[in-house]
Amino acid sequence: MTDLSKRPVTIITGFLGSGKTTLIQKLIEGAQSKNLAIIVNEFGETGVDGDILKGCNIPKCPEENIIELTNGCICCTVADDFIPTIEALMGRDPLPDHIVIETSGLALPKPLLQAFDWPSIRSRITIDGVIALADAEAVADGRFASNPGKVDAQREAEANLDHDTPLQDVFEDQITCADMILLTKPDLAGPENVAHARSHISQMSDRNLPIIEVINGCIDSQIILGLEAAAENDIKARKSHHDNLAEHDHDHFESMVVDIPEVADPIYLLNAVEKLACDHKILRTKGFAVVSGKPMRLQLQAVGSRVRHQFDRLWESCDQRQGRLVLIAEHQNLQPDIIQEVIFAELSAPGKRAEERSTHACHLP
């Protein structure tokens, strides 16, 4: 049972593009009776997710309650970023009713849980629950789970293919640390793939974790807020690939920010993102763009070559009308000169339209 004198904290983790920001946006909208504080951590120097959440304009979650940490992965910057941020929140009057932390897609949740033993905060907050999001379509495709038969078949097709990637380790650490799994995008995956994804996830953890299907982040906040897991008390039961390591790093991954010019047609930008994902193995792309003749800002989110975009809000007078993309990839694949060349080539002299490229679909490892 949770100590009622402590403020509850929910940690939202999950792989790149699994839907964490969408989920938190829905939580903010659906938990209006609670005074929520949101901590958003992004991998890289430029934040996008925090800006999306600040656009919600929910009275009980004003902009000052949404805090962005963009100086590095939260599990690596506990002393520098996380602890001071929590201390500042706990110094507010009134105190937040509930704190929600969105980790970056590359974060390992266990070091974050261990940070709750920090002397200045351990008597004041408790981990209400760790919620891990998993993209049903990606998991079913074998990208984040062991599948010996599939691995053998792919090894035969490509002798140099390495399937023991750090991506799988990160994903498994997020699953094994969780109190609940949200299986996102089941509508895209279909019943057979959803069942396959459930089976894979169940095999990753020694604990019997509830797995709930969620579409577009729509879930009753009472289901995931108020678990009273007190996860800081059973950290040893949450196994990690890094348990026997003195420290960990994210040298496998890197991010970069690209300022982009005004776009004549969004389709040109979608072409560029698709090409980068397929030809240069960019894992995640997100950002905003200025579209010619449009008063609204174009928001773009991509997982590999699967791109989603929408006009999210009007440009305001205080905004810097500048398009900007954040790209994340494994270190060897992020070549800034090539990345910028591809983007600017597509925007200045676009090739085939995206809908004509459907046969060019690709899958990242």
Side-chain angles (χ1 to χ4, degrees), residues 10-20 22-23 75 102-103 105-113 127-154 163-220 222-244 303-304 306 363-365:
T10 295
I11 297 172
I12 308 291
T13 188
F15 205 74
L16 299 163
S18 58
K20 299 186 297 297
T22 300
L23 173 70
C75 61
E102 177 191 350
T103 72
L106 303 176
L108 303 174
K110 193 164 184 177
L112 183 56
L113 266 63
I127 306 171
D128 181 68
V130 179
I131 312 297
L133 276 63
D135 182 325
E137 191 175 36
V139 177
D141 203 30
R143 280 177 265 172
F144 312 124
S146 298
N147 186 326
K150 193 168 187 177
V151 169
D152 289 343
Q154 290 182 334
H163 298 280
D164 188 19
T165 67
L167 301 182
Q168 181 168 315
D169 287 357
V170 171
F171 179 71
E172 290 182 0
D173 276 13
Q174 292 170 347
I175 295 297
T176 56
C177 197
D179 295 292
M180 179 183 291
I181 309 297
L182 300 186
L183 199 59
T184 63
K185 309 172 188 175
D187 50 325
L188 300 179
E192 184 176 346
N193 282 335
V194 166
H196 193 48
R198 282 178 171 275
S199 176
H200 273 301
I201 291 170
S202 296
Q203 293 171 20
M204 290 181 192
S205 177
D206 293 337
R207 296 176 296 128
N208 186 21
L209 301 176
I211 302 175
I212 301 173
E213 296 172 33
V214 176
I215 298 175
N216 294 328
C218 294
I219 186 170
D220 190 331
Q222 296 181 76
I223 294 176
I224 59 178
L225 302 183
L227 296 181
E228 300 185 354
E232 67 273 17
N233 295 332
D234 70 341
I235 291 178
K236 290 183 178 179
R238 301 164 190 254
K239 296 180 180 179
S240 164
H241 286 283
H242 300 82
D243 283 342
N244 297 321
V303 181
R306 191 173 66 202
H363 296 283
L364 298 177

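All residue numbers in this chain count up from 1 along the given sequence. The shown structure was predicted, so the numbers you read here are calculated from the model rather than taken from an experiment.
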Check step by step if side-chain contact (heavy atoms from CB on, under 4.5 Å) holds for Thr10 and Ile224. CA-CA 8 Å; Thr10 295; Ile224 59 178; 5.7 Å; no
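Residues Asn193 and Glu137 are not in side-chain contact: their nearest non-hydrogen atoms beyond the backbone lie 4.5 Å or more apart. Counting heavy atoms from C-beta on, the side chains of Ser202 and Ile211 come closer than 4.5 Å. At least one side-chain heavy atom of Leu113 sits under 4.5 Å from a side-chain heavy atom of Ile11.
Between the CG atom in Leu112 and the CD atom in Glu232 there is a gap of 11.5 Å [rounded to 0.5 Å]. In this structure, Leu133 CG and Thr22 OG1 are separated by 9.5 Å, a value rounded to the nearest 0.5 Å.
The shortest heavy-atom contact between Thr13 and Lys20 is C-CD, 3.6 Å.
Asp220 places a side-chain N or O within 3.5 Å of a backbone atom of Gln222 that can act as its donor or acceptor partner. Without hydrogens or angle criteria, Glu102 side chain to Ile12 main chain gives no donor-acceptor distance under 3.5 Å.
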Counting only pairs under 3.5 Å, give me each side-chain donor-acceptor contact of residues 176-190, with atom names and distances, residues two or more places apart or in other chains.
unit_1, atom_1, unit_2, atom_2, d
Thr176, OG1, Glu172, O, 3.0
Thr176, OG1, Asp173, O, 3.3
Thr176, OG1, Lys239, O, 2.5
Asp179, OD1, Arg238, NH1, 3.3
Asp179, OD1, Arg238, NH2, 2.7
Asp179, OD2, Val130, N, 2.8
Asp179, OD2, Arg238, NH1, 3.3
Thr184, OG1, Ser18, O, 2.8
Thr184, OG1, Ala134, O, 3.2
Lys185, NZ, Gly17, O, 2.6
Lys185, NZ, Asp135, OD2, 3.4

